[in-house]
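Along the sequence shown, residues are numbered consecutively beginning with 1. Heavy-atom basis, side chains included; hydrogens, waters and symmetry copies ignored.
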Amino acid sequence: MRSYRTLFRTPEFTPFLLSFAAHAAAQTIGGLALGTLVFRATGSPLLSAVSMFGPQLAQLLGATFLLSGADRLPPRAILSGLALVFAAGTAVLALPGLPVAAVFAVVLAQGLIASLGGGVRAGLLNEILPKNGYVLGRSVFNMLWGLMQVAGFATGGALLALLTPRTCLLLAAALYVLSALGTRLGLTARPPRSSGRPSVSATWRTNALLWSSRPRRLTYLGLWIPNGLVVGCDSLFVSYAPGAAGTLFACGALGMFMGDVAVGRLVPPAWRPRLAVPLRLLLAAPYLFFVLQPGVALSAVATAVASVGYGASLVLQERLMSLTPDDLAGQALGLHFVGMSTLQGVGAALAGTVAQLTSPATAMTLLAAASVTVTLTLAALGRHEERRPAAPEARPGVPPQPAATDTPRRGARREGAQ
């Protein structure tokens, strides 16, 4: 599938996309409002960064207990219910006089249940679209996420100049309700993709299986660590430029949009694997420029250029799907989103800690250097892996079979055969 026209003619894709748009707008406006509220109350770069990106840390705990539900629960009901829970939690955050400790308790709870949403949504996209349409469809979702960030952060910044952060949080809660209605009314009820009841043991077994493959491990690490460190840089925008944080976030989202358009629509499928390392290096390198403490205009340009590198996630997600059986797609993608979100939370906490001890500009520079180092290390390990013969992969209860190729792949998942 190489045409946007064909993509939008696919039944249920458009309502699914619109419900996600409302969810993304709510998350963007609510996150900026909450980060601003906490920074005004505490004056702490660390607490401000963690309030915006800390929920991702809780997703690691959710992955331990809930992730098997990504393939074993009805997707429409789960997505609708999660949106309503987020609406309620965001409304609670808007309560006047809510202590900072209570704010972080709500944020932790939201992060815990969010661990299930990414896998359910990605697995449902995998069902709605034909197999060769995943990268294009995923790129449209990423583009929409970028657009909603541009609009959300720009709108959120404008609203915060006119309204209080608590009022903006109530607006975000209303958008979550709209997302729940769009999911409930626009999608058909589907049965779970896998049989069996979700459980901690099922989650652990499948996660262990997914992690047991060295090529998948390297793919997961490439998706998680460089991205997480750069998001740590982004988490310091509020403390780096308190009056222009919305502008910096919006420019970053615009760059991400451009990268997703290029990778999803313009780059031929045969070229995509070669772009994984260059795009990840591009993601971090412009943040090294922050050692000079540039003004808002130059910072915005650097952020936009760097964010083009987020297109690497489409390349690596396509590789992950080529290495994963169909019936594990939801949990495999859920593990990716949880790991990515967790490392983003770690990156935000690390960035906030370093900024607390030094300065936001110094912290951004150090995290960018670490991201470049990790990308080069993983690239070297990947080249070494390509020279090794593949071992057969065993699934629970299934004896291993001789490997027919260097890596376990499903040819139908390859684009042209995010």
Exercise for the section: Check the pair Leu298, Leu292 against side chain to side chain contact (heavy atoms under 4.5 Å, CB included), reporting the backbone distance first and the verdict last. Expected result: CA-CA 11 Å; Leu298 292 177; Leu292 302 176; over 6 Å; no
Practice task
Evaluate whether atom CH2 of Trp211 has more than 12 neighbouring non-hydrogen atoms of other residues, nucleotides or ligands under 6.0 angstrom away.
Solution key: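 Buried by this count: over 12 neighbours within 6.0 Å.
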Handout entry: Arg166 atom CZ, over 12 foreign heavy atoms within 6.0 Å
Key =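 Yes.
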Looking at [Y], is its backbone amide N or carbonyl O close enough to the side chain of [X] to form a donor-acceptor pair, meaning the two atoms are under 3.5 Å apart?
{"X": "Ser307", "Y": "Gly255", "result": "no"}
{"X": "Ser313", "Y": "Tyr310", "result": "yes"}
{"X": "Arg76", "Y": "Thr183", "result": "no"}
{"X": "Arg216", "Y": "Leu209", "result": "yes"}
{"X": "Ser299", "Y": "Pro294", "result": "yes"}
{"X": "Thr365", "Y": "Val291", "result": "yes"}
{"X": "Ser371", "Y": "Ala284", "result": "no"}

Do the side chains of [Y] and [X] get nearer than 4.5 Å, heavy atoms only?
{"X": "Leu323", "Y": "Arg319", "value": "yes"}
{"X": "Leu378", "Y": "Val277", "value": "no"}
{"X": "Thr303", "Y": "Phe237", "value": "yes"}
{"X": "Leu125", "Y": "Phe13", "value": "yes"}
{"X": "Val85", "Y": "Gln110", "value": "no"}
{"X": "Leu335", "Y": "Trp224", "value": "yes"}
{"X": "Leu366", "Y": "Thr358", "value": "no"}
{"X": "Arg217", "Y": "Tyr220", "value": "no"}

Exercise for the section: Verify side chain to side chain contact (heavy atoms under 4.5 Å, CB included) between Phe39 and Leu47, making sure each step is shown before the conclusion. Expected result: CA-CA 7 Å; Phe39 187 68; Leu47 293 180; over 6 Å; no
Problem - Test log, rule ring pair (Phe, Tyr, Trp, His ring centres under 6.0 Å), inputs Tyr176 and His23 - result: CA-CA 6 Å; Tyr176 279 126; His23 182 94; 5.3 Å; yes
Using 0.5 Å steps for rounding, measure from the [atom1] atom of [X] to the [atom2] atom of [Y].
{"X": "Cys233", "Y": "Leu288", "atom1": "SG", "atom2": "CG", "answer": "8.5 Å"}
{"X": "Gln317", "Y": "Ser322", "atom1": "CD", "atom2": "OG", "answer": "12.0 Å"}
{"X": "Leu282", "Y": "Leu275", "atom1": "CG", "atom2": "CG", "answer": "11.0 Å"}
{"X": "Leu223", "Y": "Leu343", "atom1": "CG", "atom2": "CG", "answer": "10.5 Å"}
{"X": "Thr188", "Y": "Arg190", "atom1": "OG1", "atom2": "CZ", "answer": "4.0 Å"}
{"X": "Leu32", "Y": "Leu169", "atom1": "CG", "atom2": "CG", "answer": "10.0 Å"}

Practice task
Please assess Tyr287 against Phe290 for the test ring pair (Phe, Tyr, Trp, His ring centres under 6.0 Å), listing each intermediate value before the final yes or no.
Solution key: CA-CA 5 Å; Tyr287 284 99; Phe290 278 78; 5.6 Å; yes
Problem - Audit row: Phe289, Met364, side chain to side chain contact (heavy atoms under 4.5 Å, CB included) steps and yes/no - result: CA-CA 9 Å; Phe289 176 66; Met364 294 163 82; over 6 Å; no
Measure across [X] and [Y] and return the closest heavy-atom pair with its distance rounded to 0.1 Å.
{"X": "Thr375", "Y": "Pro226", "value": "OG1-CG, 3.4 Å"}
{"X": "Ala351", "Y": "Ser235", "value": "CB-OG, 4.0 Å"}
{"X": "Leu320", "Y": "His336", "value": "CD2-CB, 4.1 Å"}
{"X": "Val315", "Y": "Ala276", "value": "CG1-CB, 4.0 Å"}
{"X": "Thr324", "Y": "Ala332", "value": "CG2-CB, 3.6 Å"}
{"X": "Cys168", "Y": "Leu163", "value": "SG-CB, 4.5 Å"}

Practice task
Identify the residue among Leu17, Leu124, Leu187 that makes a side-chain contact (heavy atoms from CB on, under 4.5 Å) with Glu12.
Solution key: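 Single side-chain contact (heavy atoms from CB on, under 4.5 Å) partner of Glu12 among Leu17, Leu124, Leu187: Leu187.
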Problem - From Thr90, Ile29, Thr28, residue fulfilling side-chain contact (heavy atoms from CB on, under 4.5 Å) relative to Leu175 - result: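 Looking at Thr90, Ile29, Thr28, the match for Leu175 under the side-chain contact (heavy atoms from CB on, under 4.5 Å) is Ile29.
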Between [X] and [Y], do the side chains contain an N or O donor and an N or O acceptor separated by less than 3.5 Å?
{"X": "Thr167", "Y": "Thr164", "value": "yes"}
{"X": "Tyr240", "Y": "Asp234", "value": "no"}
{"X": "Ser80", "Y": "Arg184", "value": "no"}

Practice task
Before giving the answer on side chain to side chain contact (heavy atoms under 4.5 Å, CB included), spell out for Arg121 and Phe16 the whole-Å C-alpha distance, their side-chain angles and the decisive distance to 0.1 Å.
Solution key: CA-CA 9 Å; Arg121 187 173 286 108; Phe16 186 39; 3.4 Å; yes
Exercise for the section: Apply side chain to side chain donor-acceptor pair (under 3.5 Å) to the pair Ser359 and Thr362, showing each step before the final yes or no. Expected result: CA-CA 5 Å; Ser359 70; Thr362 299; 3.0 Å; yes
